[in-house]
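Dropping a structure here in structure tokens format, bear with me for questions.
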Amino acid sequence: DCVLIPVRASIFDIGSITPVVEMCRERHKPYAFVLSAVDSRFKKLTERAMAALVSDGPICATRISYRQPYISALTGGMAGHAVEADLRPEIDSLWGEGKRLAVGTQPATRRIATHG
């Protein structure tokens, strides 16, 4: 129904989104970027990633944090909130954005802070 494209705040992830975006556009599928593995200590890096992505499509307001339970969950074949329950609100928020996107409501793109 829609495509949520996980993107880390790295030049490699941002540089590789074009084929996925093109596939979504060709198939007329709504899509949005989800910033994943976001480390709150690197706010400038996250802001630069958002600035690079915003011209290619909407960015979900929900960010997936860089937390050990997500990494542990992968090795156990589980979801992050199954390892640590306090991740549930983050996942529920993303699920809500995905549902809204699927029915035609654009995600709430986070505002990009401008300096200067």
Side-chain angles (χ1 to χ4, degrees):
D1 296 330
C2 69
V3 181
L4 295 176
I5 305 168
V7 182
R8 289 180 183 235
S10 79
I11 193 162
F12 299 111
D13 277 27
I14 293 167
S16 65
I17 63 166
T18 302
V20 178
V21 169
E22 287 175 358
M23 285 190 296
C24 292
R25 289 178 179 165
E26 288 170 3
R27 290 165 177 79
H28 306 288
K29 291 292 181 185
Y31 67 92
F33 301 112
V34 178
L35 288 172
S36 64
V38 173
D39 190 326
S40 61
R41 297 174 297 172
F42 303 114
K43 291 180 181 166
K44 293 279 188 203
L45 182 63
T46 301
E47 287 175 11
R48 284 192 293 259
M50 288 180 63
L53 292 170
V54 76
S55 63
D56 290 312
I59 304 168
C60 290
T62 304
R63 297 176 182 178
I64 301 301
S65 57
Y66 185 66
R67 304 260 310 267
Q68 183 65 40
Y70 284 126
I71 298 165
S72 299
L74 287 174
T75 60
M78 298 182 294
H81 66 276
V83 173
E84 190 170 307
D86 73 338
L87 295 176
R88 187 69 188 214
E90 197 171 79
I91 298 306
D92 288 345
S93 177
L94 183 59
W95 177 250
E97 286 193 77
K99 288 193 298 187
R100 287 188 297 279
L101 181 62
V103 297
T105 307
Q106 291 294 319
T109 302
R110 291 213 176 207
R111 299 280 182 238
I112 299 168
T114 55
H115 304 283

### Task
Quick one: do L101 and D1 satisfy side-chain contact (heavy atoms from CB on, under 4.5 Å)? Show the steps, please.
CA-CA 8 Å; L101 181 62; D1 296 330; over 6 Å; no
#### Entry: Shortest non-hydrogen separation from I14 to R8 and the atoms involved
CG1-O, 4.1 Å
### Message
With rounding to the nearest 0.5 angstrom, report the CG to CG distance, D39 to L45.
### Response
9.0 Å
### Message
Nearest 0.5 Å, please: how far is CG in L35 from CD1 in I5?
### Response
11.5 Å
### Closest non-hydrogen atom pair between G98 and C2, with its separation
O-SG, 3.4 Å
### Message
Is it true that, when you exclude I11 itself, more than 12 heavy atoms of the residues, nucleotides or ligands shown sit nearer than 6.0 Å to its CD1?
### Response
no
### Any pair counted as side-chain hydrogen bond (donor to acceptor under 3.5 Å, both in side chains), so long as it reaches residues 10-26, sequence neighbours left out
R25-Y31
### Task
Give the minimum heavy-atom separation between F33 and L53, together with the two atoms involved.
CE1-O, 3.7 Å
### Partner set under side chain to side chain contact (heavy atoms under 4.5 Å, CB included) for R27, not counting sequence neighbours
M23, K29
#### Entry: Steps toward side-chain contact (heavy atoms from CB on, under 4.5 Å) verdict (V34, T62)
CA-CA 7 Å; V34 178; T62 304; 5.9 Å; no
### Query
Between E97 and A61, which heavy-atom pair has the shortest distance, and what is it?
OE1-N, 3.0 Å
### Task
Could you grab the distance from atom CG of D86 to atom CZ of R88, nearest 0.5 Å is fine?
12.5 Å
### Query
How long is the gap from CG on L4 to CG on L94, to the nearest 0.5 Å?
5.5 Å
#### Entry: Least distance between heavy atoms, M50 atom then I59 atom
O-CD1, 3.6 Å
